[in-house]
Visitor: 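The structure's right below; bear with me while I get my questions together.
Chain letters run A, B, ... following the sequence lines, proteins first and then strands; every chain starts at 1. As the structure is a prediction and not an experimental result, all values here were calculated from the model. Just the heavy atoms: all of them, side chains too, but no hydrogens, waters or symmetry mates, feed the values below.
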Amino acid sequence: MAINSLGDYVHINKDAVENFHGNQVVYIHWDNHNMFTAAAAFPLPPEMPFGALLEEVIPSIFASHPEYEKLKWDKVKWILDDEDFIPNTGVSLKDNGIGHKSLLRFITPELTGVGGSGN
Amino acid sequence: MAVKKKLNMRKRYEVLTRGMGWDTTYQPMDKVFPYDKFEGIKIKDWSGWEDPFRLTVDSYWKYQAEKEKKLYAIIDSFAQNNGHLNVSDGRYVNALKLFIQGVTPLEYGAHRHYAHLGRHFRGEGTRVACQMQSIDELRHCQTQLHTLSHYNKHFNGMHDPFHMFDRVWYLSVPKSYFEDAMTAGPFEFITSISFSFEYVLTNLLFVPFMSGAAYNGDMATVTFGFSAQSDEARHMTLGLEIIKFMVEQHEDNLPIIQGYIDKHFWRAYRVLALIAMMQDYMLPNSPMSWNEAWQIYYVENMGALFNDLSRYGLRMPKYSDVATAEAEHLSHQTWSDFYNFTHAASFHTWMPDDRKMDWLSEKYPNTFDKHYRPRFEQWREMEKAGERHYFKGLPQLCQTCQIPMFFTEVMSDPMKISRRVSMYKGDRYHTCSDGCKDIFENEPEKFIQAWLPVHQIFQGNCGGADLSDVLKYYHLNEGEDNMEYVGSPDHKRWQEWKGEDKQDETATG
């Protein structure tokens, strides 16, 4: 449905990727660990290797969780923008198909939050 | 013929409202009133507008002046007697911080836009009603500032609410809702604010604050509440009257009005997430839980209202069922989120003490012990270990309501975060619910402009990349206004005033 307006409506995409100084926004969440209440948002260079997400970006938020030390990356199931996803840690975010405002979730079937409560 | 010196009330109303209008001749009426047709609302006869109060400006001044006299006498005595020392606990004042930051600027916004409507509706009866409301809203803004200014002398975080309203991340939630309404046509605005907000949801906003104030020894805020109450009753009646007027004028209006009700119910309801957490967590003594308030004021009262309105063809707002299902989760999820991000908020958060935890278990038997108690116990453990939990980054926000995306699929899987995505001109837009997704997809041109606070920080528009830079941009004093309540300057002052033994105070209050 088109917007109802008196005159021509000016389109302003406030969050166009060009506005982020070479970065793109990526959202990351650890499913069933809702003491982190929402996915974390990061401005990241598209050329960043996926491996850097595991080594630097993800721990910067999630390492304080008591289950984090039990986390094994080779047992993690990934979901990128609602699709199953197998990352290539050696190549960039862009070459992994992670785009501007992509949502990346990781699921740890054996780790289900504090006392199995999803927290 | 004898000339009557005084007109009766009805006659005075006629002369002072309907008598003030005329049809223009130098310019066509459509040029003089350019905004009241483009929405497609058809008004055949503006004189069909019935003002249930028939308030004229002279009696308006008289009533309001009497109320002001009483209010300011109470405010003075409250200040002279150091009334702030009589509140239940220093934590309570955080509810007032949220009020002055998030609600008072809305009063001012309402003042501005009812003034606009008071100029731009073609019918003079409707214009006069909007003008009165505009003055009310300015008065509420002013009396709230005056009432709360006493607290501002003794507690942090209340020093610059209007500046914060325009910049701080969580205040973009009420701000963007109001600005959505203010940038729409006059009929959409009045449906949004007068009906969806002031009629349908107003009790859910005012009861927690005003009964909350009464339960927590805050007589100044209670008095303000009384002073505003008769105005609010008038505003509610205006909301209902305008809905009936619009649907009675032309059958084509019905689907437009229903669409406005659906949209603005959901917009306003999302803002009330802030009230839900205030009610259940910030009030040391809670008169009733959010869930109880929702059942009474929404499910029962609004259910009855929409039964009445069904003869006009109107039905309950879309996604009312989702809001009702969320009532058992809303306050816990919202408080958790502010606990995560309180380092960037101009009020404090804390973990509930044992008494409060038990109250929450009792009030939320289906959800609290299962989903939220384990989370809070974990956080209490972390506090004891000196590692109070903070989210050391920024959250994903909903493109429509601008709230961090923490709501969950309460109807199917309450620990699964509820996320919707829309594609528009090659970009992804994330929303927190079907309600927010529908609103986005109905007007994507409008919502792609959203000033999302997290993305604005990333774009470099909020003073810098570090938290300290952003807090400066917010006019928030780091280490005073923000962070955990326990150990905060507010907390320390409270303990000194009350002579509480610091040794007795545990990290969980």
Side-chain angles (χ1 to χ4, degrees), chain A residues 1-21 23-44 57-67 81-82 99-103 105 112-119, chain B residues 34-35 38-40 184-185 188 333 336-337 339-341 370-375 377-379 381-382 387 389-397 399 404-406 408 414-417 419 421 424-425 427-430 441-446 448-452 454-460:
Chain A
M1 199 175 90
I3 196 162
N4 192 359
S5 95
L6 264 175
D8 291 336
Y9 202 87
V10 183
H11 282 59
I12 301 168
N13 178 3
K14 207 86 170 166
D15 292 327
V17 70
E18 299 77 45
N19 297 343
F20 289 86
H21 313 290
N23 292 321
Q24 61 180 23
V25 176
V26 180
Y27 307 112
I28 303 178
H29 199 240
W30 186 2
D31 271 33
N32 269 319
H33 291 76
N34 290 350
M35 71 176 234
F36 303 100
T37 42
F42 300 97
L44 301 174
V57 177
I58 289 175
S60 73
I61 303 292
F62 299 101
S64 60
H65 196 282
E67 288 187 333
D81 295 322
D82 287 329
H100 183 45
K101 295 200 270 176
S102 273
L103 170 66
R105 292 157 52 200
T112 51
V114 179
S117 68
N119 288 299
Chain B
Y35 300 119
F38 81 95
E39 295 174 82
E188 183 174 343
Q333 295 181 350
S336 294
D337 193 67
Y339 185 85
N340 268 252
F341 294 101
K370 191 173 173 194
H371 302 299
Y372 304 105
R373 187 183 274 274
R375 178 186 296 177
E377 285 176 349
Q378 172 65 29
W379 283 344
E381 285 300 310
M382 291 170 79
E387 291 164 0
H389 172 73
Y390 289 104
F391 193 116
K392 297 180 187 77
L394 299 173
Q396 180 184 23
L397 303 180
Q399 188 75 29
M405 300 243 311
F406 61 73
T408 64
M415 292 311 272
K416 187 180 180 203
I417 290 182
R419 299 183 176 101
V421 67
Y424 181 71
K425 296 196 173 180
D427 267 324
R428 282 182 199 85
Y429 294 92
H430 300 267
E441 292 190 345
N442 280 335
E443 295 173 308
E445 305 92 332
K446 189 169 194 179
I448 63 170
Q449 302 172 56
W451 194 93
L452 295 182
V454 167
H455 292 175
Q456 288 300 310
I457 292 170
F458 292 160
Q459 290 179 27

Visitor: A/A16 and B/D427: which non-hydrogen atoms are nearest, and at how many Å?
Guide: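 Taking every non-hydrogen atom into account, CA-OD2, 4.5 Å.
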Visitor: Is the closest side-chain heavy-atom distance between A/D81 and B/V421 below 4.5 Å?
Guide: no
Visitor: Quick check: closest heavy atoms across B/Q396 and A/L103, and the distance to 0.1 Å?
Guide: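 Closest approach of B/Q396 to A/L103, heavy atoms only: OE1-CD1, 4.0 Å.
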Visitor: Are any non-hydrogen side-chain atoms of A/N13 and B/Y429 less than 4.5 angstrom apart?
Guide: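 SC-SC contact between A/N13 and B/Y429 confirmed.
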Visitor: Nearest 0.5 Å please: distance from the CG atom of A/D15 over to the CH2 atom of B/W451.
Guide: 11.0 Å
Visitor: If we only count heavy atoms from C-beta on, is the B/L452 to A/K14 side-chain gap below 4.5 Å?
Guide: no
Visitor: Where does A/F62 contact chain B at under 4.5 Å (heavy atoms): side chain, backbone, both or neither?
Guide: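 Neither part, no heavy atoms under 4.5 Å.
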Visitor: Could you check if a side-chain atom of B/F458 sits within less than 4.5 angstrom of a side-chain atom of A/N23, using non-hydrogen atoms only?
Guide: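 Result no, sub-4.5 Å side-chain heavy-atom pair not found.
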Visitor: Measuring heavy-atom distances to chain A, does B/R373 have an atom under 4.5 Å in its side chain, in its backbone, in both, or in neither?
Guide: neither
Visitor: Could you check if a side-chain atom of A/T37 sits within less than 4.5 angstrom of a side-chain atom of B/Y339, using non-hydrogen atoms only?
Guide: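 A/T37 does not reach B/Y339 side chain to side chain.
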Visitor: With a 4.5 angstrom heavy-atom cut-off, could you sort out which part of A/F36 is near chain B: side chain, backbone, both or neither?
Guide: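 Both parts, backbone and side chain.
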Visitor: Could you look at B/K425 and say if it's the side chain, the backbone, both or neither that has a heavy atom under 4.5 Å from chain A?
Guide: side chain
Visitor: With a 4.5 angstrom heavy-atom cut-off, is it the side chain or the backbone of B/Y424 that approaches chain A, or both, or neither?
Guide: side chain
Visitor: If every non-hydrogen atom of B/P374 is compared with every non-hydrogen atom of A/N119, which pair is closest and at what distance?
Guide: CB-ND2, 4.4 Å
Visitor: Test your reading of the model: is there a side-chain donor-acceptor pair from B/N340 to the backbone of A/M35, 3.5 Å cut-off?
Guide: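 Yes: the side chain of B/N340 pairs with the backbone of A/M35.
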Visitor: Looking only at atom types and distance, does a side-chain atom of A/N4 sit under 3.5 Å from a main-chain N or O of B/F38, one as donor and one as acceptor?
Guide: yes
Visitor: Heavy atoms only, distances under 4.5 angstrom: which of A/A39, A/G113, A/G118, A/S5 has the most pairs with chain B? Name it, please.
Guide: A/A39
Visitor: Taking A/N19, A/N32, A/I28 one by one, which has the highest count of heavy-atom pairs under 4.5 Å against chain B?
Guide: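 Looking at each option in turn, the highest pair count goes to A/N19.
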Visitor: For B/Q456, is it the side chain, the backbone, both, or neither that has a heavy atom closer than 4.5 Å to a heavy atom of chain A?
Guide: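 When you check distances to chain A, only side chain atoms of B/Q456 fall under 4.5 Å.
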Visitor: Based on non-hydrogen pairs under 4.5 Å, which of B/E39, B/H371, B/M405, B/H430 is most in contact with chain A?
Guide: B/H430
Visitor: Would B/H455 and A/F20 count as a close aromatic pair, with their ring centres under 6.0 Å?
Guide: yes
Visitor: Of all heavy-atom pairs between A/A41 and B/P395, which one has the smallest distance, and what is that distance?
Guide: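 Closest heavy-atom pair between A/A41 and B/P395: CB-O, 3.9 Å.
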Visitor: Using modelled atom types and a 3.5 Å cut-off, is there a donor and acceptor pairing between side-chain atoms of A/H21 and backbone atoms of B/Q459?
Guide: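 Present.
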Visitor: May I ask you to name which of A/L6, A/V114, A/V25 has the most heavy-atom pairs under 4.5 Å with chain B?
Guide: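 When all of A/L6, A/V114, A/V25 are compared, A/L6 has the most.
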Visitor: What are the two closest heavy atoms between A/N34 and B/M415, and how far apart are they?
Guide: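 That would be ND2-O, 2.8 Å.
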Visitor: Measure across A/A40 and B/F391 and return the closest heavy-atom pair with its distance rounded to 0.1 Å.
Guide: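 That would be CB-CZ, 3.6 Å.
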Visitor: Tell me whether the centres of the aromatic rings in B/F406 and A/H29 are closer together than 6.0 Å.
Guide: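 Judged by ring-centre distance (under 6.0 Å), B/F406 and A/H29 do not meet the cut-off.
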Visitor: How many angstroms lie between atom CD1 of A/I12 and atom CD of B/E445, to the nearest 0.5 angstrom?
Guide: 12.0 Å
Visitor: Which answer fits B/E381, side chain, backbone, both or neither, if we ask what part of it has an atom under 4.5 Å from a heavy atom of chain A?
Guide: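 It is neither, since no heavy atom gets under 4.5 Å.
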Visitor: Quick one: are A/S102 and B/R428 in side-chain contact, heavy atoms under 4.5 Å?
Guide: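 Yes, at least one pair of side-chain atoms sits under 4.5 Å.
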Visitor: A side-chain contact here means heavy atoms from C-beta on lying under 4.5 Å apart; do B/E387 and A/S64 qualify?
Guide: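 Side-chain contact under 4.5 Å: no.
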Visitor: Give, as side chain, backbone, both or neither, the part of B/Q378 having an atom under 4.5 angstrom from any heavy atom of chain A.
Guide: side chain
